Asker: 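This is the structure, below, for whatever I ask next.
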Amino acid sequence: MYPIESVEALNAEVTRMVVRAPEIARKIKPGQFIMLRIDEEGERIPLTMNEADPQTGTVTIVFQAVGATTMRLATLRAGDALLDFVGPLGNPTELEGARRACVVGGGLGTAIAYPQAKWLHDHGCEVDVITGFRSQDLVILKDEIEACSSRSIIMTDDGSNGNKGVVTEPLKRWIEEGANYDLVLAVGPIVMMKFVAATTREHGIKTLVSMNPLMIDGTGMCGGCRVKVGDEYLHACVDGPDFDGHLVDYDDAMRRGVMYRAYEGSARKKMAKRLAAEARDCDVAAAKRAAQVAGASAAAGEGAGAAGATPRRAARITLDPEMEAKLAAMEPEKAAKVRAAMEAKLAREEAARAASHAEATGAGQAVYAGEGE
């Protein structure tokens, strides 16, 4: 089992999770990925490393709840554990020797672009970073990116941050201004990487793109992750995931990427029902805990901490100081019921949010985290 150390919502759609995996943390490099499985019934999915700390033995992954497995993954909390966490898989990004680079991240691809940009920066390369999001509310890792770049710019589809447009606009402008890049890296939706490669092709700039096709085992045996590069088909899991951006057949990759859309939609609906049922179970369990605490308090004739009383189960949520003060001022029975109700409400909201987001985005959404569902 691989314990989850921490879970953080980077925005309304994206989750950052830190997992204890010492052996992987010592070996994994930018561009490589892991395959995880939540439990015995779960499917395997690939997620690219966002950060690794050999000293603490942890690996950080960033994902968006768009498929059945990531919907389930988003409900886990610190203290839970994953059954399987295998890696490092794939080849590290070829970063050695670069002196002036531009790293381009689209949406969740920013989470994978970050360790590449950081490695380049830490090894003396001058790094420019361009990231793109649908809106300002979805921007992630802004401070981390700025800390490892010579200059950075965030583009949004709706212009809500003041920079409306696509990532190729500043890339083209910086190239024409004389940036003299010897390497451009692109990580994100396939169509974005296609146009980044088209922009750099006319200038002869080495360009690497990170491909995230359907993947089942991560070892090259299933053949599901084939990518057409030049005149041959290669496997993203063992030959990639990075490929020469000027040779990838992006149209073929996009066709393959939607082959299982109907199945993915069915899996999302099934998971949404499961999460909703678990939320209802949480309501029942919370009510039972509240009743037990209240009964124990009444029997003891004092607070829940009295001798012989049943101790209250530690809350899964952290309340703000003001609310904690209000609960402390209540009768123990009432405080227990209020806290249990808040726990249940949180569980319902998480399930509903995961389900509604999955329905709204669909499997074909321009998302990148390496999830091959």
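This structure is a prediction, so every number in the text was calculated from the model and none was measured. All values below come from the heavy atoms of this structure, side chains included, with hydrogens, waters and symmetry mates left out.
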Asker: Look only at the side chain of Asn50 and the backbone of Ala111, and say whether a donor-acceptor pair between them is shorter than 3.5 Å.
Answerer: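 Side chain of Asn50 to backbone of Ala111: a pair is present.
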Asker: Glu40 versus Leu83: any side-chain heavy-atom pair under 4.5 Å?
Answerer: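 Yes, their side chains come closer than 4.5 Å.
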Asker: If I take atom CZ from residue Phe63 and atom CG from residue Leu108, how far apart are they, to the nearest 0.5 angstrom?
Answerer: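 With rounding to 0.5 Å, CZ (Phe63) is 9.5 Å from CG (Leu108).
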Asker: Okay, side chain of Arg72, backbone of Gly42: is any donor-acceptor separation there less than 3.5 Å?
Answerer: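 No, Arg72 side chain to Gly42 backbone: no donor-acceptor pair under 3.5 Å.
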Asker: Taking Asp251 first and then Lys194, would you say they form a salt bridge - that is, a charged N and a carboxylate O separated by under 4.0 Å?
Answerer: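 Salt bridge flag = yes for Lys194 with Asp251.
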Asker: Any side-chain heavy atom of Glu94 sitting closer than 4.5 Å to one from Lys206?
Answerer: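 Sidechains of Lys206 and Glu94: in contact.
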Asker: Using atom types as modelled and distance alone, determine if a side-chain donor or acceptor of Arg201 lies under 3.5 Å from a backbone N or O of Val196.
Answerer: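 Side chain of Arg201 to backbone of Val196, a donor-acceptor pair under 3.5 Å: no, none is there.
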Asker: Tell me, do Lys29 and Trp119 make a side-chain contact under 4.5 Å, heavy atoms counted?
Answerer: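 Heavy-atom side-chain distance check fails, nothing below 4.5 Å.
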Asker: For Asp239 and Leu234, indicate whether the former's side chain and the latter's backbone hold a donor-acceptor pair under 3.5 Å.
Answerer: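 The answer is no, because no donor-acceptor pair under 3.5 Å joins these two groups.
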Asker: Would you call Ile34 and Ile24 a side-chain contact if the rule is heavy atoms closer than 4.5 Å?
Answerer: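 Contact flag for Ile34/Ile24 side chains = yes.
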Asker: Suppose we screen for side-chain contact (heavy atoms from CB on, under 4.5 Å). Which residues come up paired with Glu177, at least two apart in sequence or across chains?
Answerer: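 So Glu177 forms a side-chain contact (heavy atoms from CB on, under 4.5 Å) with Arg151, Arg173, Trp174.
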Asker: Might you work through the side chain to side chain contact (heavy atoms under 4.5 Å, CB included) test for Met35 and Leu89, ending with a clear yes or no?
Answerer: CA-CA 8 Å; Met35 296 286 291; Leu89 300 172; 3.2 Å; yes
Asker: For the atom pair CE (Met192) and CD1 (Ile130), what is the distance rounded to the nearest 0.5 Å?
Answerer: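 CD1 of Ile130 is found 9.5 Å from CE of Met192.
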Asker: Salt bridge check, Arg26 against Glu23: does any charged N sit closer than 4.0 Å to a carboxylate O?
Answerer: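 Looking at Glu23 and Arg26, the cut-off is met.
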Asker: Do the non-hydrogen side-chain atoms of Leu208 and Leu183 ever get within less than 4.5 Å of each other?
Answerer: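 When only atoms from C-beta onward are counted, Leu183 and Leu208 do touch, with a gap below 4.5 Å.
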Asker: Consider only side-chain heavy atoms of I, L, V, M, F, W and Y, link residues closer than 4.5 Å, and tell whether Met17 and Met1 are in one cluster.
Answerer: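 No, no single cluster joins them.
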Asker: Which residues pass the side-chain contact (heavy atoms from CB on, under 4.5 Å) test with Glu146, sequence neighbours left out?
Answerer: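 Here the qualifying residues are Lys142, Asp143, Ser152.
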Asker: Quick one, Ile45 and Thr70 - any side-chain contact, counting heavy atoms below 4.5 Å?
Answerer: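 Ile45 reaches Thr70 side chain to side chain.
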Asker: Of all heavy-atom pairs between Leu141 and Arg16, which one has the smallest distance, and what is that distance?
Answerer: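 What the structure gives for the nearest pair is CD2-NH1, 3.4 Å.
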Asker: Quick check: does any side chain N or O of Glu5 sit under 3.5 Å from a backbone N or O of Val19, one acting as donor and the other as acceptor?
Answerer: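 Here the side-chain-to-backbone pair does not exist.
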Asker: Looking only at atom types and distance, does a side-chain atom of His121 sit under 3.5 Å from a main-chain N or O of Ala117, one as donor and one as acceptor?
Answerer: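 No.
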Asker: Applying side chain to side chain donor-acceptor pair (under 3.5 Å) to Glu43 and Thr69, what does each step give before you reach the verdict?
Answerer: CA-CA 7 Å; Glu43 66 176 343; Thr69 297; 2.6 Å; yes
Asker: Taking everything shown except Asp231 itself, do over 12 heavy atoms lie less than 6.0 Å from its CG?
Answerer: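 No, CG of Asp231 has 12 or fewer neighbouring heavy atoms, counting only those of other groups under 6.0 Å.
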Asker: Specify the closest pair of heavy atoms between Ala101 and Asp182, including all atoms of both residues, with the distance to one decimal.
Answerer: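 Taking Ala101 first and Asp182 second, the nearest heavy atoms are N-OD1, 4.5 Å.
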Asker: Is the side chain of Thr156 donor-acceptor paired with the backbone N or O of Arg134 at a distance under 3.5 Å, no angle test?
Answerer: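 Not confirmed, Thr156 side chain does not pair with Arg134 backbone.
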Asker: Checking the side chain of Asn163 only, and the main-chain atoms of Met155 only, is there a donor and an acceptor separated by less than 3.5 Å?
Answerer: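 Flag not set: sc Asn163 to bb Met155 has no pair under 3.5 Å.
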Asker: Is it possible for you to say whether Ile205 and Val104 belong to one hydrophobic cluster, with membership spreading through side-chain heavy-atom contacts below 4.5 Å?
Answerer: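 Yes, same cluster.
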Asker: Give the minimum heavy-atom separation between Phe243 and His235, together with the two atoms involved.
Answerer: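 Phe243 and His235 have their closest heavy atoms at CZ-O, 4.0 Å.
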Asker: Among Thr200, Thr207, Asp128, whose side chain to side chain donor-acceptor pair (under 3.5 Å) with Tyr181 holds?
Answerer: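 Output: one option passes, namely Asp128.
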Asker: What is the distance from atom SG of Cys125 to atom CZ of Arg100, rounded to the nearest 0.5 Å?
Answerer: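 The CZ atom of Arg100 is 8.5 Å from SG of Cys125, to the nearest 0.5 Å.
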Asker: Indicate yes or no: at least one non-hydrogen side-chain atom of Leu73 is less than 4.5 angstrom from one of Leu47.
Answerer: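 Side chain of Leu73 against side chain of Leu47, heavy atoms only: contact under 4.5 Å found.
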Asker: Please evaluate residues Gln116 and Val187 with respect to the criterion side chain to side chain contact (heavy atoms under 4.5 Å, CB included), reporting the C-alpha separation (whole Å), side-chain torsions for both, the decisive distance (0.1 Å), and the verdict.
Answerer: CA-CA 10 Å; Gln116 296 172 332; Val187 190; 3.6 Å; yes
Asker: According to a 4.5 Å side-chain heavy-atom criterion applied to Ile, Leu, Val, Met, Phe, Trp and Tyr, with indirect links allowed, do Tyr114 and Val18 form part of one hydrophobic cluster?
Answerer: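 The answer is no; the residues belong to distinct hydrophobic clusters.
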Asker: I'd like to know whether Thr93 forms a side chain to side chain donor-acceptor pair (under 3.5 Å) with Asp242, so could you lay out the CA-CA distance, the side-chain angles of the two residues, the decisive distance to 0.1 Å, and finally the verdict.
Answerer: CA-CA 6 Å; Thr93 304; Asp242 298 325; 2.6 Å; yes
Asker: Would you check, one step at a time, whether the test side chain to side chain contact (heavy atoms under 4.5 Å, CB included) holds for Val127 with Val103?
Answerer: CA-CA 7 Å; Val127 186; Val103 178; 4.0 Å; yes
Asker: To the nearest 0.5 Å, what is the distance between CG (Asn180) and CZ (Arg99)?
Answerer: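 One gets 15.0 Å once the value is rounded to the nearest 0.5 Å.
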Asker: In terms of hydrophobic clustering (I, L, V, M, F, W, Y; side-chain heavy atoms under 4.5 Å; direct or indirect links), are Val209 and Ile175 co-clustered?
Answerer: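 Looking at the clustering, Ile175 is in the same group as Val209.
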Asker: Over all heavy atoms of both residues, which pair between Tyr2 and Ala21 is shortest? Give the atoms and the distance, please.
Answerer: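 Taking Tyr2 first and Ala21 second, the nearest heavy atoms are CD2-CB, 3.9 Å.
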Asker: What pair of heavy atoms forms the shortest contact from Cys102 to Leu171, and how long is it?
Answerer: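 Reported closest heavy-atom pair: SG-CD1, 3.9 Å.
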Asker: Please step through side chain to side chain contact (heavy atoms under 4.5 Å, CB included) for the pair Glu13 and Leu138, ending with a clear verdict.
Answerer: CA-CA 8 Å; Glu13 300 183 357; Leu138 300 178; 3.7 Å; yes
Asker: Take Asp137 and Ser135, measure what side chain to side chain donor-acceptor pair (under 3.5 Å) needs, and give me the verdict at the end.
Answerer: CA-CA 5 Å; Asp137 293 340; Ser135 68; 4.7 Å; no
Asker: Do you know which two heavy atoms are closest between Ile140 and Thr110, and how far apart they sit?
Answerer: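 In terms of heavy atoms, the two residues are closest at O-CG2, 4.0 Å.
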Asker: First locate atom CE of Met193, then atom CG of Leu185, and finally report the distance between them rounded to the nearest 0.5 Å.
Answerer: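 Rounded to the nearest 0.5 Å, the CE-CG separation comes out at 11.5 Å.
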Asker: Does Asp252 use its side chain to pair, donor to acceptor, with the backbone of Tyr250 at less than 3.5 Å?
Answerer: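 Side chain of Asp252 to backbone of Tyr250: no pair is present.
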Asker: Once you round to the nearest 0.5 Å, how far does CD1 of Ile28 lie from OG1 of Thr60?
Answerer: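 It comes to 10.5 Å.
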Asker: Hey, quick one: are Met211 and Phe195 part of the same hydrophobic cluster, counting side-chain heavy atoms closer than 4.5 Å, chains of contacts allowed?
Answerer: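 Result: yes, single cluster for both.
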Asker: Would you check if the side chain of Asp217 reaches a backbone N or O of Cys222 as a donor-acceptor pair within less than 3.5 Å?
Answerer: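 Yes, because the side chain of Asp217 sits within donor-acceptor range (under 3.5 Å) of the backbone of Cys222.
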